[in-house]
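Everything numeric here is computed off the predicted structure, so don't read it as measured data.
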Amino acid sequence: MTTDLESLSPFELSLYLEKKVRSIDHPKEWLNAGRGNPNWTAFVPREAYFLLGQFATEMTMRHSTGFTAGMVDTEEIYGESLLRFLDEHPGKGSAFLRDIWENGTHFLGMAREKWLAHMMDYIIGDNYPNPERVLKACELPIKQYLHHELFDSDSAPFDVFAVEGGTAAICYVFDSLVNNGLLHPKDKIALMIPTFAPYLEIPELPQYEFDVEYIKAQPVQIDGQLSHQYPDEELNRLRNKDIKALFVVNPSNPTSDALSEATIALLQEIIREDNPNLMILTDDVYGTFLPKFTSLFTAIPYNTACIYSYSKYFGATGWRIGTIAVAKDNLFDRLLSEHSRREKKALNERYGTLASEPEKIKFIDRMVADSRDIALNHAAGLSSPQQVMMVLFSLYSLLDKEHGYKKEVMAICHERETLLFDHLGLEHPLPSLSTAYYCEIDLQDWMADRYGTSFAAHVREEWTVTDFLTRLAEEEHLMLLKTDAFGSGEWTVRVSLANLATEHYAEVGSRIVTLTDCIHQEYQSEFPSSRHQ
């Protein structure tokens, strides 16, 4: 049976072509520039993690009876033993743990001896996570990190739910909005596009079937440089009170641009003047790739729930660690309080096993319960060893006073962007708003600029972007991701600037040019008169 490539999602097409093409001998190295997984890792907090785990294990083995060991006593004092252990295991991870012990106490939320004992218990992983939403010794370091990297220092107090990465967070938020009657099937919502493809796919699922308004970004010039931003006429559609919720990835995927100050100011005005009950979900996973970033959770905290994943910044996609943040004073809880008596009765029955007054359960805690179908709420929560990794990533950023890690990661992305854009002759994006984690290329515009509008029109009439990407994979051993399913143009593709060695990005540009030159020569052979255009 022939596979219908046009029907495949961007990710499935990429997997299909990689499986097909990589099995064939080819003189060129296979390059997959479509995948978003970064090719760097933050090694210092990882080394610290495994040292802490080794130390905790050794402490439990003091009570070994053969094949079994004891448990960490959270009332015991372990500090002196830790310092001796670190002396015996020198290295950057060891130095980082010592830095936490000596200089990071103001980030911990409790006395350092108590914090250490809890972290040892968590990393051993022999107890259920409790509290389920986020562990006590983990909560403040995670919040401090979010404040430091994403939110303004004066942002509203908030609660945080530790979750299995950004994808789980998306599912939990959508489910709880519907479970709690804050959104109903057929309700009108808005998506700011282009955006991560699942945000376009989820609203169409049978359990939701939302009526979706698409708020579309356009390329604009800011200070003489390119950015993708939302025109006022697009944003002003959000003044319609029938739109119950807005979903946004900021900075965006695939264009990698953050919302401008003007866009944020207009959103604030729209909510203040016309649509005060607009619920906002912002996915800020790429915000850490900008030196200065303004989250909608900072600008509009009352209306906004914020998703963040540690996956991209720390090279930790396999860890599945992230957060959902909701302000302590928030729209979601207020809307719950305004439900009709009938709605409240139904929800009280739903959550009645959790509390004597279920009506008072906050929205963020309802998400925790919903994540385990309520009946298993007592066994909810992100695994405790995962939360330890989140804390060490967080403290690594907080204690990096020179921002060395952040500067290096941003420099990697921008250097790769420069190599690719210079090779293709593309205009560079505005660096203050572009993360350079991805870039989006409109192949039609690029072909028109490079080869002329007649050739670009010919390719558009005779080819699809799937045809082009298939031939690129087969002939040039290069994989890019089509982005029509992200809400982008029909001929746009995403190049990940994060997942290949830096020197490969000139090669990525070269291979795109080589294939397109070949297609252009074929076009000239078929239409000789085109040589004189």
Side-chain angles (χ1 to χ4, degrees), residues 38 40-46 48-49 95-97 99-110 112 115 119 134-163 165-166 169 250-251 258-259 261 264 282-301 304-316 319 321-328 386-411 413 432-433 435 437:
W40 63 79
T41 60
F43 74 90
V44 174
R46 281 178 169 85
Y49 178 90
F96 171 49
L97 288 175
D99 193 18
I100 294 171
W101 188 254
E102 295 176 353
N103 303 308
T105 54
H106 55 301
F107 296 130
L108 305 182
M110 59 180 66
R112 64 182 182 179
W115 179 83
M119 294 296 282
V134 62
L135 295 168
K136 287 182 179 179
C138 299
E139 184 170 15
L140 190 63
I142 291 170
K143 285 183 174 181
Q144 294 271 22
Y145 170 75
L146 295 175
H147 264 299
H148 177 71
E149 286 289 347
L150 298 179
F151 308 153
D152 188 276
S153 58
D154 297 325
S155 61
F158 63 93
D159 292 315
V160 66
F161 176 19
V163 296
N250 178 36
L259 299 178
E261 291 182 6
I264 293 173
T282 180
D283 185 338
D284 290 1
V285 60
Y286 302 104
T288 43
F289 290 87
L290 289 174
K292 292 183 179 180
F293 170 69
T294 301
S295 170
L296 289 180
F297 190 78
T298 293
I300 315 171
T304 303
C306 178
I307 287 174
Y308 176 72
S309 168
Y310 289 73
S311 61
K312 302 301 196 297
Y313 190 53
F314 293 101
W319 269 98
I321 48 178
T323 60
I324 303 171
V326 180
K328 288 185 179 293
Q386 286 173 283
Q387 294 194 50
V388 173
M389 190 74 262
M390 291 172 68
V391 168
L392 292 177
F393 283 147
S394 298
L395 291 171
Y396 183 55
S397 176
L398 289 165
L399 289 169
D400 183 6
K401 294 182 174 59
E402 302 300 320
H403 309 295
Y405 181 80
K406 187 179 189 71
K407 290 175 182 177
E408 183 169 320
V409 167
M410 291 192 299
C413 293
S432 61
L433 292 177
T435 67
Y437 192 93

Check: Can you name the nearest heavy-atom pair linking Gly166 to Ile307, along with the distance?
Finding: CA-CG2, 4.1 Å
Next item on the list: Please confirm whether the backbone N or O of Ala137 pairs with a side-chain atom of Trp115, one donor and one acceptor, at under 3.5 Å?
Entry: yes
Margin query: Does any part of the side chain of Leu108, heavy atoms only, come nearer than 4.5 Å to the side chain of Leu395, both counted from C-beta?
Written below: yes
Next item on the list: Can you see which heavy atom on His148 is nearest to which on Ser397, and at what distance?
Entry: CD2-OG, 3.7 Å
Item checked: For Glu139, salt bridge (charged side-chain N to carboxylate O under 4.0 Å, His left out) partners two or more places apart -> Arg133, Lys143
Next item on the list: Find the distance between CG (Asp284) and CG (Leu146) and round it off to the nearest 0.5 Å.
Entry: 9.5 Å
Notebook entry, point to check: How many angstroms lie between CE in Met119 and CD1 in Ile100, if you round to the nearest 0.5 Å?
Noted result: 7.5 Å
Notebook entry, point to check: Quick one: SG on Cys138 to CE on Met389, what's the gap to the nearest 0.5 Å?
Noted result: 11.5 Å
Item checked: Shortest non-hydrogen contact from Ser295 toward Cys306 -> OG-SG, 4.4 Å
Next item on the list: Would you indicate whether the side-chain heavy atoms of Phe293 and Thr298 approach each other to under 4.5 Å?
Entry: no
Check: Residues two or more places apart in sequence or in another chain: which of them pass ring-ring contact (aromatic ring centres under 6.0 Å, His included) with Trp319?
Finding: Tyr49
Item checked: From CG (Asn103) to CG (Leu398), nearest 0.5 Å -> 13.0 Å
Notebook entry, point to check: With a 4.5 Å heavy-atom cut-off, do Pro291 and Lys407 have their side chains touching?
Noted result: no
Notebook entry, point to check: Okay, side chain of Gln387, backbone of Leu135: is any donor-acceptor separation there less than 3.5 Å?
Noted result: yes
Check: Excluding sequence neighbours, so at least two apart, what forms side chain to side chain contact (heavy atoms under 4.5 Å, CB included) with Ile300?
Finding: Leu267, Gln268, Ile271, Ile280, Leu296, Asn303, Thr304
Note to self: Rounded to the nearest 0.5 Å, what separates atom CZ in Arg46 from atom OG1 in Thr41?
What the structure shows: 5.0 Å
Check: Any idea which heavy atoms bring Ala258 and Leu290 closest together, and the distance?
Finding: CB-CD1, 3.6 Å
Check: So, do Thr323 and Val134 sit near enough that their side-chain heavy atoms are less than 4.5 Å apart?
Finding: no
Notebook entry, point to check: Between the side chain of Asp400 and the main-chain N/O of Tyr405, is any donor-acceptor distance below 3.5 Å?
Noted result: yes
Note to self: Can you see whether Tyr308 engages Tyr145 through a side-chain donor-acceptor pair at a distance of less than 3.5 angstrom?
What the structure shows: yes
Notebook entry, point to check: Which pair of heavy atoms, one from Phe393 and one from Pro45, lies closest together, and at what distance?
Noted result: CD2-CG, 3.6 Å
Next item on the list: Can you sort out the partners of Lys136 under salt bridge (charged side-chain N to carboxylate O under 4.0 Å, His left out), two or more places apart, ordered by chain and number?
Entry: none
Check: Any idea how Tyr313 and Phe289 line up, ring-wise: parallel (<30°), tilted (30 to 60°), or perpendicular (>60°)?
Finding: perpendicular
Check: Does a side-chain N-to-carboxylate-O contact under 4.0 Å join Lys406 and Glu149?
Finding: yes
Margin query: Hydrogens and angles aside, do Thr288 and Tyr310 bring a side-chain donor and acceptor to less than 3.5 Å of each other?
Written below: no
Notebook entry, point to check: If you round to the nearest 0.5 Å, how far is CD1 of Ile264 from CG of Leu259?
Noted result: 5.5 Å
Next item on the list: Mark yes when over 12 heavy atoms from residues, nucleotides or ligands other than Glu102 sit less than 6.0 Å from its CD; otherwise mark no.
Entry: yes
Next item on the list: Determine the minimum heavy-atom distance between Gln144 and Phe107, stating which atoms define it.
Entry: CD-CD2, 4.0 Å
Checklist line | Listed partners of Lys312 passing salt bridge (charged side-chain N to carboxylate O under 4.0 Å, His left out), at least two apart | finding: none
Item checked: Listed partners of Phe158 passing ring-ring contact (aromatic ring centres under 6.0 Å, His included), at least two apart -> His147, Phe151, Phe297
